[in-house]
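Report on the following structure.
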Amino acid sequence: MPDRSTTLMRLMALTDSAFPVGTFSFSNGLETAADTGLVHDAPTLEAYARCVARQAALTDGVAALHAMRSYRRKDFEGILEADRQAILCKLNTEARLMSCRMGKKLAELFAHIADDALAARWLGEIEAGRTPGSYPAAQGIVFAANGADERELFCSHQYGAIGTVLNAALRCVRVSHYDTQRILFRLSDTAEALFAEAAQMDFCEMNAFAPQADILASLHEKGTKRLFMN
């Protein structure tokens, strides 16, 4: 396993917004929320980001933790199940597309920079169309392979989920960098409680109840308007 300094460096790279897995291309439904006026300033943006963070924690966060545990046990079937469950929790096509695009890209990147038999086998299953290749499953594998613990994985996952919303907000909501960093700072306070909840959950307990967000996402699928360029 890598030493702690190496692990920390790799964690910083994996959570960097410039890490090339495509997170900048998606907004977790924020485009439609902004277009409808539901999100229009810093307070409404914070409420929306808080909702996204909780929904992600209790779905993708749970799947990522199970994928990490399965990787550590060398349980390939467990990784496949975590991958499948992550996709089953997503009600709209765009969310599934986002997760699979980012998951496959992370798997491909890892295959190019590291020699890991289990990760390579999983990428082969994705390319053969036998598993979805979700982003949380990819995170569980890659973070485990780099010596991260469960809390580090979960916090990185939360950082990414919140970041997709806040980065998109700078392009389509009247907020500043000061506003988005303040929101990120405030939402960091929720990570420990969400981790404690998600870490104890099994697949049957995963829940994604955020009806407004799902309605916005479904409207976005059929909409022609785009508020920012990828």
Side-chain angles (χ1 to χ4, degrees), residues 15-64 86-103 105 134-136 154-194 197-198 206-230:
T15 53
D16 193 324
S17 61
F19 194 69
V21 294
T23 54
F24 66 90
S25 300
F26 301 98
S27 70
N28 265 310
L30 182 71
E31 269 187 298
T32 309
D35 185 41
T36 59
L38 181 67
V39 175
H40 55 85
D41 58 10
T44 54
L45 175 61
E46 181 173 343
Y48 189 84
R50 189 178 297 275
C51 173
V52 167
R54 179 166 180 81
Q55 186 182 48
L58 303 184
T59 54
D60 285 357
V62 177
I87 294 300
L88 288 177
C89 276
K90 300 192 180 303
L91 301 183
N92 60 84
T93 302
E94 189 166 86
R96 294 191 290 271
L97 179 65
M98 174 182 75
S99 185
C100 291
R101 280 186 178 176
M102 291 165 54
K105 180 56 66 177
S134 68
Y135 192 52
F154 184 82
C155 289
S156 296
H157 160 264
Q158 283 283 283
Y159 179 85
I162 295 167
T164 59
V165 174
L166 299 184
N167 290 336
L170 290 169
R171 292 172 278 178
C172 60
V173 181
R174 288 182 176 273
V175 291
S176 69
H177 288 283
Y178 294 116
D179 294 321
T180 56
Q181 290 305 308
R182 185 183 303 112
I183 291 168
L184 179 60
F185 189 83
R186 286 163 61 89
L187 292 187
S188 297
D189 290 343
T190 67
E192 184 61 29
L194 287 173
E197 189 174 354
M206 292 164 66
N207 60 88
F209 187 73
Q212 273 188 308
D214 289 323
I215 290 169
L216 290 168
S218 66
L219 291 172
H220 190 264
E221 285 181 18
K222 298 181 182 299
T224 56
K225 186 182 295 185
R226 294 294 180 265
L227 303 186
F228 63 80
M229 294 292 290
N230 288 342

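In what follows, residues are counted from 1 in the order of the sequence shown. Any value given below was found using the heavy atoms of this structure, including those in side chains, with hydrogens, waters and symmetry copies removed.
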Before you tell me yes or no, could you show the steps for Val165 and Leu45 under side-chain contact (heavy atoms from CB on, under 4.5 Å), namely the whole-Å CA-CA distance, both residues' side-chain angles and the distance that decides it to 0.1 Å? CA-CA 8 Å; Val165 174; Leu45 175 61; 3.8 Å; yes
Nearest heavy-atom neighbours spanning Cys172 and Leu30: SG-CD2, 4.2 Å
How many angstroms lie between OG in Ser134 and CG in Asp60, if you round to the nearest 0.5 Å? 7.0 Å
With a 3.5 Å cut-off and no angle check, do the side chains of Thr32 and Asp35 form a donor-acceptor pair? no
At what distance, to the nearest 0.5 angstrom, does NE2 of His177 lie from CG of Leu166? 11.5 Å
Please report the closest heavy-atom contact between Thr59 and Met206, naming both atoms and the distance. O-CE, 3.2 Å
dist Arg101:CZ -> Glu94:CD (nearest 0.5 Å) comes out at 9.0 Å
Measuring from Gln181:CD to Ser176:OG, what's the distance to the nearest 0.5 Å? 9.5 Å
Looking at every heavy atom in both Ile162 and Ala53, which two are closest together, and how far apart are they? CG1-CB, 3.8 Å
Please determine whether the number of non-hydrogen atoms from other residues, nucleotides or ligands lying under 6.0 Å from atom CZ of Phe19 exceeds 12. yes
Please check if atom CD in Gln212 has more than 12 non-hydrogen atoms from other residues, nucleotides or ligands closer than 6.0 Å. no
Just how far is it from atom CD of Glu46 to atom SG of Cys51, taken to the nearest 0.5 Å? 13.0 Å
Main-chain N/O of Tyr135 paired with Ser99 side-chain donor or acceptor, under 3.5 Å: yes
In Å and rounded to the nearest 0.5 Å, what is the CZ to OG1 distance from Arg54 to Thr190? 9.5 Å
Please name the pair of heavy atoms, one in Ala49 and one in Leu187, separated by the smallest distance, quoted to 0.1 Å. CB-CD1, 3.7 Å
On a heavy-atom basis, the closest approach of His157 and Ala57 is CE1-N, 4.0 Å
Worked verdict on Leu58 versus Phe209 for side-chain contact (heavy atoms from CB on, under 4.5 Å): CA-CA 10 Å; Leu58 303 184; Phe209 187 73; over 6 Å; no
Heavy atoms only: give me the nearest Tyr48-Leu216 pair and the separation to one decimal. CE1-CD1, 3.9 Å
